[in-house]
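Working notes, beginning with the structure itself.
Since this is a predicted model, take the numbers as computed values, not measurements.
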Amino acid sequence: QVQLVQSGGGLVQAGQSLKLSCVASGGRFSDYGMGWFRQTPGQEREFVAQISRTGVIEKYADSVKGRFFVSRDNDKKTLYLQMNTLKPEDTAVYYCAAKGVIPDLQAIYGPSEYDYWGQGTQVTVSS
């Protein structure tokens, strides 16, 4: 069983940056592919970014490509999401997630395919 605890959300102005963190416990962090998702009221949870167990392969949603960067520190059991040039449409609750089995490192996996979730953190971008 893996527990994920998030931090780093908040309120920023458009164009500014935020960095989210997600600390894992209860399992071997390096065994899991990790993802970031976000959700707004009334909408489905949507994919943001994904990183392989070693951190070599990263995937991004088109809407954040070039602005958001996912990384991980397996020694610290921590996942990060650096969000730059934030836009009002990035406003959402952001979730980190862990996936134990990754058949295809080049595939992007949806929220239903992840095994463990963080508690979510609010990111609000004002215009």
Side-chain angles (χ1 to χ4, degrees):
Q1 191 82 1
V2 175
Q3 293 82 44
L4 302 174
V5 178
Q6 299 178 225
S7 61
L11 171 64
V12 297
Q13 293 186 330
Q16 293 185 326
S17 299
L18 271 178
K19 188 172 185 177
L20 306 183
S21 299
C22 173
V23 179
S25 62
R28 192 159 70 177
F29 184 63
S30 57
D31 284 348
Y32 294 87
M34 300 296 295
W36 286 101
F37 294 81
R38 64 187 182 186
Q39 190 170 23
T40 54
Q43 301 297 315
E44 293 187 354
R45 197 164 294 187
E46 68 169 356
F47 168 78
V48 174
Q50 176 181 300
I51 188 168
S52 63
R53 287 174 288 183
T54 61
V56 170
I57 298 175
E58 302 167 18
K59 298 290 185 182
Y60 296 94
D62 288 343
S63 59
V64 306
K65 201 170 291 184
R67 298 188 298 122
F68 289 16
F69 300 94
V70 61
S71 62
R72 65 190 295 163
D73 186 331
N74 285 347
D75 290 335
K76 294 182 178 179
K77 298 185 178 182
T78 304
L79 173 74
Y80 303 99
L81 184 67
Q82 177 67 47
M83 305 184 292
N84 300 327
T85 319
L86 281 159
K87 304 176 180 180
E89 50 264 44
D90 295 319
T91 295
V93 176
Y94 283 72
Y95 296 90
C96 64
K99 179 171 171 57
V101 178
I102 304 180
D104 182 352
L105 292 178
Q106 297 298 337
I108 290 176
Y109 294 94
S112 64
E113 298 174 285
Y114 277 77
D115 303 304
Y116 304 102
W117 290 87
Q119 81 277 16
T121 186
Q122 178 70 45
V123 172
T124 303
V125 185
S126 63
S127 57

Keeping to residues at least two apart or across chains, list the salt bridge (charged side-chain N to carboxylate O under 4.0 Å, His left out) pairs with something in residues 68-78. none
Residue pairs passing the side chain to side chain donor-acceptor pair (under 3.5 Å) test where at least one lies in residues 8-19, sequence neighbours excluded: Ser17-Asn84
Hydrophobic clustering (ILVMFWY, side-chain heavy atoms < 4.5 Å, transitive) - are Met83 and Val12 grouped together? yes
Shortest non-hydrogen pair, Tyr94 vs Val48, comes out as CE2-CG2, 4.3 Å
I'd like to know if the side chain of Gln119 reaches the main chain of Gln6, judged simply by a donor and an acceptor atom lying under 3.5 Å from each other, with no hydrogens or angles considered. yes
Sequence neighbours excluded, which residues qualify as salt bridge (Lys or Arg N to Asp or Glu O under 4.0 Å) partners of Lys65? Asp62
Heavy atoms of Ser71 and Leu79 approach each other most closely as O-CD1, 3.4 Å
Which residues satisfy the ring-ring contact (aromatic ring centres under 6.0 Å, His included) test with Tyr80, sequence neighbours excluded? none
Starting at NZ of Lys59, measure out to CD of Gln50 and round the result to the nearest 0.5 Å. 8.0 Å
Sorted by chain and residue number, the side chain to side chain donor-acceptor pair (under 3.5 Å) partners of Thr124 (sequence neighbours excluded) come out as Gln122
Would you check, one step at a time, whether the test side chain to side chain contact (heavy atoms under 4.5 Å, CB included) holds for Thr40 with Thr91? CA-CA 8 Å; Thr40 54; Thr91 295; 5.8 Å; no
Linked hydrophobic residues, Leu105 as query - side chain contacts closer than 4.5 Å: Phe37, Phe47, Val56, Ile57, Val93, Tyr95, Ile102, Ile108, Tyr109, Tyr114, Trp117
What pairs meet the salt bridge (charged side-chain N to carboxylate O under 4.0 Å, His left out) rule with one or both residues in residues 88-112, with sequence neighbours excluded? Arg38-Asp90, Arg67-Asp90
Does anything in residues 59-90 pair up under disulfide bond (SG atoms under 2.5 Å apart), and if so which pairs, sequence neighbours excluded? none
Applying side chain to side chain contact (heavy atoms under 4.5 Å, CB included), name anything that partners Gln1, two or more places apart in sequence or on another chain. Gln3, Tyr116
Least distance between heavy atoms, Pro88 atom then Ser127 atom: CG-CB, 3.8 Å
Test applied, side chain to side chain contact (heavy atoms under 4.5 Å, CB included); reference residue, Met34; option that passes from Ile51, Thr78, Leu81: Ile51
Residues 90-127 vs disulfide bond (SG atoms under 2.5 Å apart), sequence neighbours excluded, gives Cys22-Cys96
Shortest non-hydrogen contact from Leu4 toward Ala98: CD1-N, 3.9 Å
Enumerate the residue pairs fulfilling disulfide bond (SG atoms under 2.5 Å apart) with a member in residues 45-90, sequence neighbours excluded, ordered by first and then second residue. none
Which residues share a side chain to side chain donor-acceptor pair (under 3.5 Å) with Arg53, sequence neighbours left out: none
Check whether any side-chain heavy atom of Val123 sits under 4.5 Å from a side-chain heavy atom of Leu18, and report yes or no. yes
How close do Asn74 and Ser30 get, heavy atom to heavy atom, and via which atoms? ND2-CB, 3.6 Å
